[in-house]
Amino acid sequence: MSKESYDTPVSNVMTRRKDLVCASHDCSLEEANKIMQQSKKGKLPIVNDDDELVALIARTDLKKNRDFPFASKDAKKQLRVAAAIGTRSEDKKRLESLVASNLDAVVIDSSQGNSSYQIDMIKFIKETYPNLQIVAGNVVTTCQAKNLIDAGAHALRVGMGSGSICITQEVMAVGRPQGTAVYKVSQYAHKFGIPVIADGGIQNVGHISKALSLGASTVMMGSLLAGTTESPGEFYFQDGVRLKRYRGMGSLSAMEQKGSQQRYFSESDKIHVAQGVSGSVVDKGSIYRFVPYLSAGLQHGCQDMGAKSLTALRRMVSVGTLRFERRTVSSQAEGGVHGLHSYEKRYY
(Lines give C-alpha, C1' and ligand atoms only; values in the text may rest on other atoms or scores of the structure.)
Protein backbone atom coordinates (compact mmCIF):
# COMPACT_ATOMS: atom_id res chain seq x y z
CA MET A 1 0.00 0.00 0.00
CA SER A 2 1.10 3.54 -0.67
CA LYS A 3 1.21 6.13 2.11
CA GLU A 4 -1.73 7.89 0.49
CA SER A 5 -3.87 4.80 1.12
CA TYR A 6 -3.25 4.67 4.88
CA ASP A 7 -6.29 6.84 5.59
CA THR A 8 -8.63 4.70 3.50
CA PRO A 9 -11.38 3.14 5.69
CA VAL A 10 -11.23 -0.66 5.92
CA SER A 11 -14.89 -0.79 4.90
CA ASN A 12 -13.91 0.56 1.49
CA VAL A 13 -11.41 -2.26 0.94
CA MET A 14 -12.91 -5.39 2.47
CA THR A 15 -15.89 -7.31 1.15
CA ARG A 16 -19.10 -6.26 2.89
CA ARG A 17 -20.80 -8.80 5.13
CA LYS A 18 -23.90 -8.94 2.96
CA ASP A 19 -21.74 -9.94 -0.02
CA LEU A 20 -19.76 -12.60 1.85
CA VAL A 21 -20.38 -16.27 1.08
CA CYS A 22 -20.44 -18.08 4.44
CA ALA A 23 -21.57 -21.40 5.84
CA SER A 24 -23.22 -22.23 9.15
CA HIS A 25 -21.25 -24.01 11.86
CA ASP A 26 -23.69 -26.93 11.84
CA CYS A 27 -23.16 -27.80 8.17
CA SER A 28 -21.17 -30.89 7.24
CA LEU A 29 -17.75 -30.79 5.63
CA GLU A 30 -19.22 -32.16 2.41
CA GLU A 31 -21.83 -29.38 2.32
CA ALA A 32 -19.18 -26.72 3.03
CA ASN A 33 -17.00 -28.02 0.19
CA LYS A 34 -19.97 -27.95 -2.17
CA ILE A 35 -20.75 -24.33 -1.23
CA MET A 36 -17.14 -23.32 -1.86
CA GLN A 37 -17.07 -25.06 -5.24
CA GLN A 38 -20.32 -23.47 -6.37
CA SER A 39 -19.29 -19.99 -5.21
CA LYS A 40 -15.82 -20.38 -6.81
CA LYS A 41 -14.24 -18.76 -3.77
CA GLY A 42 -10.82 -19.57 -2.36
CA LYS A 43 -11.94 -19.31 1.27
CA LEU A 44 -15.19 -20.15 3.02
CA PRO A 45 -15.80 -18.58 6.47
CA ILE A 46 -17.76 -20.70 8.95
CA VAL A 47 -19.91 -18.64 11.35
CA ASN A 48 -22.03 -19.50 14.38
CA ASP A 49 -25.55 -18.35 15.27
CA ASP A 50 -24.17 -15.00 16.49
CA ASP A 51 -22.48 -14.44 13.13
CA GLU A 52 -19.04 -14.91 14.68
CA LEU A 53 -16.21 -16.54 12.76
CA VAL A 54 -15.43 -20.00 14.20
CA ALA A 55 -13.55 -21.68 11.33
CA LEU A 56 -12.21 -21.17 7.83
CA ILE A 57 -12.12 -23.68 4.98
CA ALA A 58 -9.64 -23.10 2.15
CA ARG A 59 -9.62 -24.41 -1.40
CA THR A 60 -6.07 -25.58 -0.77
CA ASP A 61 -7.55 -28.12 1.66
CA LEU A 62 -9.45 -29.70 -1.22
CA LYS A 63 -6.33 -29.78 -3.34
CA LYS A 64 -4.29 -31.42 -0.57
CA ASN A 65 -7.02 -34.00 -0.02
CA ARG A 66 -6.92 -34.76 -3.74
CA ASP A 67 -3.12 -34.85 -4.03
CA PHE A 68 -2.53 -36.83 -0.80
CA PRO A 69 -5.40 -39.32 -0.50
CA PHE A 70 -3.46 -41.60 1.87
CA ALA A 71 -2.70 -38.94 4.50
CA SER A 72 -3.40 -40.09 8.07
CA LYS A 73 -6.42 -38.09 9.23
CA ASP A 74 -8.95 -38.35 12.04
CA ALA A 75 -12.75 -38.21 11.83
CA LYS A 76 -12.56 -34.42 11.55
CA LYS A 77 -10.24 -34.66 8.52
CA GLN A 78 -7.34 -33.25 10.51
CA LEU A 79 -3.86 -34.72 10.24
CA ARG A 80 -2.97 -37.09 13.05
CA VAL A 81 -0.11 -35.85 15.21
CA ALA A 82 2.23 -37.70 17.54
CA ALA A 83 4.86 -36.22 19.84
CA ALA A 84 7.83 -37.69 21.68
CA ILE A 85 8.47 -37.31 25.39
CA GLY A 86 11.01 -38.72 27.82
CA THR A 87 10.46 -40.63 31.03
CA ARG A 88 11.27 -37.92 33.58
CA SER A 89 8.78 -36.22 35.89
CA GLU A 90 9.01 -32.93 33.97
CA ASP A 91 7.77 -34.75 30.87
CA LYS A 92 4.39 -35.22 32.55
CA LYS A 93 3.86 -31.45 32.49
CA ARG A 94 4.88 -31.33 28.84
CA LEU A 95 2.46 -34.15 28.07
CA GLU A 96 -0.37 -32.20 29.71
CA SER A 97 0.20 -29.32 27.29
CA LEU A 98 0.40 -31.71 24.34
CA VAL A 99 -2.88 -33.42 25.22
CA ALA A 100 -4.51 -29.99 25.56
CA SER A 101 -3.44 -29.39 21.95
CA ASN A 102 -5.37 -32.51 20.82
CA LEU A 103 -2.43 -34.91 20.56
CA ASP A 104 -3.32 -38.22 18.88
CA ALA A 105 -0.45 -40.39 20.14
CA VAL A 106 2.58 -40.08 22.39
CA VAL A 107 5.93 -41.74 21.66
CA ILE A 108 8.02 -42.52 24.72
CA ASP A 109 11.57 -41.97 23.54
CA SER A 110 14.24 -44.11 25.18
CA SER A 111 17.23 -46.05 23.89
CA GLN A 112 16.31 -48.91 26.27
CA GLY A 113 12.57 -49.11 26.76
CA ASN A 114 12.50 -51.93 29.29
CA SER A 115 13.10 -49.71 32.31
CA SER A 116 11.16 -48.88 35.47
CA TYR A 117 11.08 -45.24 34.29
CA GLN A 118 9.19 -46.09 31.12
CA ILE A 119 6.89 -48.63 32.74
CA ASP A 120 5.88 -46.07 35.37
CA MET A 121 5.35 -43.43 32.65
CA ILE A 122 3.09 -45.79 30.66
CA LYS A 123 1.00 -46.55 33.74
CA PHE A 124 0.73 -42.83 34.51
CA ILE A 125 -0.46 -42.04 30.97
CA LYS A 126 -2.98 -44.89 31.03
CA GLU A 127 -4.47 -43.63 34.29
CA THR A 128 -4.43 -39.92 33.43
CA TYR A 129 -5.24 -40.03 29.69
CA PRO A 130 -6.96 -43.38 29.04
CA ASN A 131 -7.84 -42.51 25.43
CA LEU A 132 -4.31 -41.51 24.40
CA GLN A 133 -2.38 -43.98 22.24
CA ILE A 134 1.08 -44.91 23.58
CA VAL A 135 4.04 -45.99 21.45
CA ALA A 136 6.67 -47.51 23.74
CA GLY A 137 10.23 -48.77 23.25
CA ASN A 138 12.80 -49.41 22.13
CA VAL A 139 12.91 -53.18 22.69
CA VAL A 140 14.49 -56.14 20.91
CA THR A 141 13.35 -59.19 22.90
CA THR A 142 10.01 -60.73 23.80
CA CYS A 143 10.75 -60.32 27.52
CA GLN A 144 11.22 -56.58 27.06
CA ALA A 145 8.09 -56.40 24.91
CA LYS A 146 6.04 -58.29 27.53
CA ASN A 147 6.83 -55.77 30.26
CA LEU A 148 5.75 -52.80 28.14
CA ILE A 149 2.63 -54.54 26.82
CA ASP A 150 1.62 -55.53 30.36
CA ALA A 151 2.08 -51.90 31.42
CA GLY A 152 -0.39 -50.78 28.71
CA ALA A 153 1.58 -49.89 25.56
CA HIS A 154 -0.46 -49.73 22.35
CA ALA A 155 2.51 -50.11 19.97
CA LEU A 156 6.20 -50.98 20.18
CA ARG A 157 9.33 -49.60 18.57
CA VAL A 158 11.85 -52.35 17.84
CA GLY A 159 15.56 -51.78 17.34
CA MET A 160 18.72 -51.26 19.34
CA GLY A 161 22.05 -50.35 17.79
CA SER A 162 20.94 -50.97 14.19
CA GLY A 163 20.55 -47.36 13.03
CA SER A 164 22.99 -45.90 10.52
CA ILE A 165 24.37 -43.44 13.07
CA CYS A 166 24.17 -45.77 16.09
CA ILE A 167 27.19 -47.56 17.57
CA THR A 168 25.53 -49.07 20.66
CA GLN A 169 26.25 -52.64 19.56
CA GLU A 170 29.88 -51.79 18.90
CA VAL A 171 30.57 -49.78 22.07
CA MET A 172 28.20 -51.33 24.60
CA ALA A 173 28.00 -54.88 23.20
CA VAL A 174 24.23 -54.54 23.57
CA GLY A 175 21.60 -54.95 20.88
CA ARG A 176 20.28 -57.52 18.43
CA PRO A 177 20.27 -58.03 14.65
CA GLN A 178 17.32 -56.00 13.42
CA GLY A 179 15.68 -58.73 11.33
CA THR A 180 15.70 -61.18 14.24
CA ALA A 181 14.45 -58.53 16.67
CA VAL A 182 11.54 -57.50 14.44
CA TYR A 183 10.54 -61.11 13.76
CA LYS A 184 10.68 -62.32 17.37
CA VAL A 185 9.02 -59.29 18.94
CA SER A 186 6.28 -59.04 16.30
CA GLN A 187 5.44 -62.74 16.73
CA TYR A 188 4.79 -62.12 20.41
CA ALA A 189 3.18 -58.68 20.10
CA HIS A 190 0.69 -59.75 17.44
CA LYS A 191 -0.84 -62.21 19.91
CA PHE A 192 -2.15 -59.16 21.76
CA GLY A 193 -2.96 -57.07 18.68
CA ILE A 194 0.03 -54.77 19.28
CA PRO A 195 1.61 -53.33 16.12
CA VAL A 196 5.39 -53.16 15.77
CA ILE A 197 7.50 -50.36 14.31
CA ALA A 198 10.86 -51.39 12.83
CA ASP A 199 13.22 -48.66 14.01
CA GLY A 200 16.68 -48.71 12.44
CA GLY A 201 18.56 -50.34 9.61
CA ILE A 202 16.30 -49.14 6.79
CA GLN A 203 18.59 -48.10 3.93
CA ASN A 204 16.51 -48.84 0.82
CA VAL A 205 13.19 -50.17 -0.47
CA GLY A 206 14.33 -53.77 -0.06
CA HIS A 207 14.86 -53.25 3.66
CA ILE A 208 11.31 -51.91 3.97
CA SER A 209 9.95 -55.03 2.27
CA LYS A 210 11.99 -57.26 4.59
CA ALA A 211 10.86 -55.44 7.73
CA LEU A 212 7.18 -55.57 6.77
CA SER A 213 7.36 -59.23 5.77
CA LEU A 214 9.01 -60.09 9.11
CA GLY A 215 6.00 -58.70 10.96
CA ALA A 216 6.49 -54.94 11.28
CA SER A 217 3.42 -52.80 10.70
CA THR A 218 5.49 -49.79 9.66
CA VAL A 219 9.09 -48.58 9.58
CA MET A 220 11.05 -45.57 10.75
CA MET A 221 13.32 -44.01 8.13
CA GLY A 222 15.57 -41.49 9.86
CA SER A 223 18.58 -41.64 7.56
CA LEU A 224 16.48 -42.13 4.42
CA LEU A 225 14.46 -38.97 5.00
CA ALA A 226 17.28 -36.94 6.56
CA GLY A 227 18.61 -36.02 3.13
CA THR A 228 15.31 -34.65 1.78
CA THR A 229 14.69 -30.98 1.18
CA GLU A 230 12.02 -30.76 3.87
CA SER A 231 14.15 -32.20 6.71
CA PRO A 232 15.80 -29.80 9.21
CA GLY A 233 19.26 -28.47 8.45
CA GLU A 234 21.07 -26.68 5.66
CA PHE A 235 22.65 -28.26 2.59
CA TYR A 236 26.34 -27.85 1.93
CA PHE A 237 28.77 -29.06 -0.76
CA GLN A 238 31.76 -31.32 -0.20
CA ASP A 239 33.85 -32.63 -3.10
CA GLY A 240 31.08 -31.60 -5.46
CA VAL A 241 28.38 -33.57 -3.60
CA ARG A 242 25.36 -31.86 -2.02
CA LEU A 243 25.06 -33.05 1.58
CA LYS A 244 23.10 -32.40 4.77
CA ARG A 245 24.33 -33.00 8.30
CA TYR A 246 22.85 -35.94 10.20
CA ARG A 247 23.72 -36.87 13.78
CA GLY A 248 22.70 -39.58 16.19
CA MET A 249 21.08 -38.78 19.52
CA GLY A 250 23.86 -40.79 21.14
CA SER A 251 26.65 -38.76 19.55
CA LEU A 252 28.82 -36.53 21.73
CA SER A 253 27.58 -33.40 19.95
CA ALA A 254 23.97 -34.34 20.77
CA MET A 255 24.81 -35.34 24.33
CA GLU A 256 25.88 -31.79 25.00
CA GLN A 257 22.17 -31.00 25.00
CA LYS A 258 19.77 -31.94 27.80
CA GLY A 259 17.32 -33.97 25.71
CA SER A 260 19.91 -36.46 24.54
CA GLN A 261 21.35 -36.87 28.04
CA GLN A 262 17.92 -37.82 29.37
CA ARG A 263 17.41 -40.34 26.58
CA TYR A 264 20.56 -42.19 27.59
CA PHE A 265 20.19 -41.60 31.37
CA SER A 266 23.49 -39.69 31.49
CA GLU A 267 22.51 -36.29 32.93
CA SER A 268 24.78 -36.70 35.96
CA ASP A 269 27.68 -38.38 34.16
CA LYS A 270 30.92 -36.45 34.18
CA ILE A 271 32.23 -38.50 31.26
CA HIS A 272 29.87 -39.12 28.33
CA VAL A 273 30.17 -42.39 26.41
CA ALA A 274 29.11 -41.94 22.80
CA GLN A 275 26.56 -44.39 21.41
CA GLY A 276 26.22 -42.62 18.07
CA VAL A 277 28.10 -40.57 15.52
CA SER A 278 27.66 -37.34 13.59
CA GLY A 279 27.86 -37.50 9.82
CA SER A 280 26.20 -36.39 6.62
CA VAL A 281 23.77 -37.80 4.08
CA VAL A 282 23.46 -37.21 0.35
CA ASP A 283 20.72 -34.92 -0.98
CA LYS A 284 17.65 -36.98 -1.95
CA GLY A 285 15.53 -34.14 -3.28
CA SER A 286 12.00 -33.33 -2.23
CA ILE A 287 9.98 -35.72 -0.12
CA TYR A 288 7.16 -35.27 -2.66
CA ARG A 289 9.24 -37.30 -5.10
CA PHE A 290 11.09 -39.57 -2.71
CA VAL A 291 8.14 -41.03 -0.78
CA PRO A 292 6.19 -41.94 -3.97
CA TYR A 293 9.38 -43.69 -5.16
CA LEU A 294 9.51 -45.73 -1.94
CA SER A 295 5.81 -46.57 -2.22
CA ALA A 296 6.12 -47.66 -5.84
CA GLY A 297 9.22 -49.72 -5.05
CA LEU A 298 7.38 -51.52 -2.24
CA GLN A 299 4.46 -52.27 -4.57
CA HIS A 300 6.82 -53.74 -7.17
CA GLY A 301 8.48 -55.83 -4.46
CA CYS A 302 5.15 -57.29 -3.35
CA GLN A 303 4.30 -57.96 -7.00
CA ASP A 304 7.53 -59.90 -7.53
CA MET A 305 6.89 -61.93 -4.36
CA GLY A 306 3.31 -62.68 -5.40
CA ALA A 307 1.64 -60.83 -2.53
CA LYS A 308 -1.50 -58.79 -3.18
CA SER A 309 -1.21 -56.89 0.09
CA LEU A 310 1.06 -56.48 3.09
CA THR A 311 -1.29 -58.68 5.10
CA ALA A 312 -0.92 -61.39 2.49
CA LEU A 313 2.85 -60.88 2.54
CA ARG A 314 3.06 -61.51 6.29
CA ARG A 315 0.75 -64.52 5.99
CA MET A 316 2.95 -66.02 3.28
CA VAL A 317 5.98 -65.76 5.58
CA SER A 318 4.14 -67.23 8.58
CA VAL A 319 2.90 -70.30 6.67
CA GLY A 320 6.20 -70.86 4.86
CA THR A 321 5.05 -69.97 1.34
CA LEU A 322 7.59 -67.16 1.31
CA ARG A 323 10.90 -67.94 2.98
CA PHE A 324 14.12 -66.16 3.87
CA GLU A 325 17.38 -67.80 2.86
CA ARG A 326 20.95 -67.21 3.90
CA ARG A 327 23.18 -65.72 1.23
CA THR A 328 26.91 -66.22 0.94
CA VAL A 329 29.28 -63.35 0.27
CA SER A 330 29.48 -64.46 -3.37
CA SER A 331 25.72 -64.46 -3.78
CA GLN A 332 25.46 -61.00 -2.25
CA ALA A 333 28.06 -59.71 -4.71
CA GLU A 334 26.19 -61.42 -7.51
CA GLY A 335 22.96 -59.73 -6.44
CA GLY A 336 24.50 -56.27 -6.86
CA VAL A 337 25.99 -54.48 -9.82
CA HIS A 338 29.02 -56.36 -11.11
CA GLY A 339 31.05 -57.03 -14.24
CA LEU A 340 30.94 -53.44 -15.49
CA HIS A 341 33.80 -51.05 -16.15
CA SER A 342 31.75 -48.12 -14.90
CA TYR A 343 28.13 -47.34 -14.21
CA GLU A 344 25.75 -44.68 -12.89
CA LYS A 345 23.53 -45.74 -10.01
CA ARG A 346 20.29 -43.74 -9.93
CA TYR A 347 17.24 -44.92 -8.02
CA TYR A 348 14.61 -42.48 -9.31
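What you see is a predicted model, and the numbers here were worked out from it, not measured in a lab.
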>> Could you go through I165 and S278, starting from their C-alpha distance and side-chain angles, then the distance that decides it, and tell me whether this counts as side-chain contact (heavy atoms from CB on, under 4.5 Å)?
In response: CA-CA 7 Å; I165 38 71; S278 297; over 6 Å; no
>> Going by side-chain contact (heavy atoms from CB on, under 4.5 Å), I202 matches just one of K210, H207, Q178. Which one?
In response: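 Going through K210, H207, Q178 one by one, the side-chain contact (heavy atoms from CB on, under 4.5 Å) with I202 is satisfied by H207 alone.
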Answer with yes or no whether the hydrophobic clustering places [X] together with [Y]; edges join I, L, V, M, F, W, Y residues whose side-chain heavy atoms lie under 4.5 Å apart.
X: V21; Y: V47; answer: no
X: V281; Y: Y236; answer: no
X: I194; Y: L132; answer: yes
X: F192; Y: I125; answer: yes
X: V182; Y: I149; answer: yes

Any side-chain heavy-atom pair of [X] and [Y] under 4.5 Å:
X: I57; Y: M36; value: yes
X: I108; Y: T87; value: yes
X: V13; Y: T8; value: yes
X: L243; Y: V282; value: yes
X: L212; Y: R314; value: yes
X: D49; Y: H25; value: yes
X: V139; Y: Q112; value: no
X: L294; Y: M221; value: yes

For [Y], is there any backbone N or O sitting under 3.5 Å from a side-chain donor or acceptor partner on [X]?
X: D239; Y: V241; answer: no
X: H154; Y: Q133; answer: no
X: D50; Y: E52; answer: no
X: S101; Y: S97; answer: yes
X: S24; Y: C27; answer: no
X: Q118; Y: S110; answer: no
X: D104; Y: V81; answer: yes
X: R176; Y: V140; answer: yes

> When you check the side-chain N and O atoms of S286 and E230, is any donor under 3.5 Å from an acceptor?
Replying inline: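 E230 and S286 do have a side-chain donor-acceptor pair below 3.5 Å.
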>> We want to know whether K244 and S231 form a side-chain donor-acceptor pair, criterion being a heavy-atom distance below 3.5 angstrom.
In response: yes
Pairing of [X] and [Y] as salt bridge, 4.0 angstrom limit:
X: R80; Y: D74; result: no
X: K77; Y: D61; result: no
X: K34; Y: E31; result: no

Distance-minimising heavy-atom pair for [X] and [Y]:
X: V219; Y: A211; result: CG1-CB, 3.7 Å
X: P45; Y: K43; result: CD-O, 3.9 Å
X: T168; Y: G161; result: CB-CA, 4.0 Å
X: L224; Y: K284; result: O-CD, 3.0 Å
X: G222; Y: Y246; result: C-OH, 3.4 Å
X: I122; Y: A151; result: CG2-O, 3.4 Å

> Within 45 degrees of the axis of the six-membered ring of Y188 and under 6.0 Å from its centre: does K146 put its NZ or CZ there?
Replying inline: no
>> Do R88 and Y117 form a cation-pi contact, if we require the NZ or CZ to be under 6.0 Å from the six-membered ring centre and within 45 degrees of the ring's axis?
In response: yes
Hey, could you give me the [atom1]/[atom2] distance between [X] and [Y], rounded to the nearest 0.5 Å?
X: D91; Y: E96; atom1: CG; atom2: CD; answer: 13.0 Å
X: L103; Y: L95; atom1: CG; atom2: CG; answer: 7.0 Å
X: T228; Y: F290; atom1: OG1; atom2: CZ; answer: 8.0 Å
X: R94; Y: K92; atom1: CZ; atom2: NZ; answer: 15.0 Å
X: L298; Y: Q303; atom1: CG; atom2: CD; answer: 11.5 Å
X: S318; Y: H190; atom1: OG; atom2: NE2; answer: 10.5 Å

>> Could you walk me through whether I85 and M121 satisfy the side-chain contact (heavy atoms from CB on, under 4.5 Å) test, starting with their C-alpha distance in whole Å, then the side-chain angles of each, then the deciding distance to 0.1 Å, before giving a yes or no?
In response: CA-CA 10 Å; I85 64 170; M121 178 62 78; 4.3 Å; yes
>> Before you tell me yes or no, could you show the steps for L148 and L156 under side-chain contact (heavy atoms from CB on, under 4.5 Å), namely the whole-Å CA-CA distance, both residues' side-chain angles and the distance that decides it to 0.1 Å?
In response: CA-CA 8 Å; L148 298 187; L156 295 175; 3.9 Å; yes
> What residues, two or more places apart in sequence or in another chain, satisfy side-chain contact (heavy atoms from CB on, under 4.5 Å) together with S295?
Replying inline: Q299
> More than 12 heavy atoms of other residues, nucleotides or ligands under 6.0 Å from CZ of R17: is that the case?
Replying inline: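 Above 12, so yes.
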> Is it the case that more than 12 heavy atoms not belonging to R59 sit under 6.0 Å from its CZ atom?
Replying inline: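 Enclosed.
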>> Between D199 and M160, is the side-chain contact (heavy atoms from CB on, under 4.5 Å) condition met? List the steps.
In response: CA-CA 8 Å; D199 180 12; M160 191 178 297; over 6 Å; no
> Under the ring pair (Phe, Tyr, Trp, His ring centres under 6.0 Å) rule, what pairs show up with a residue in residues 57-94, not counting sequence neighbours?
Replying inline: F68-Y288
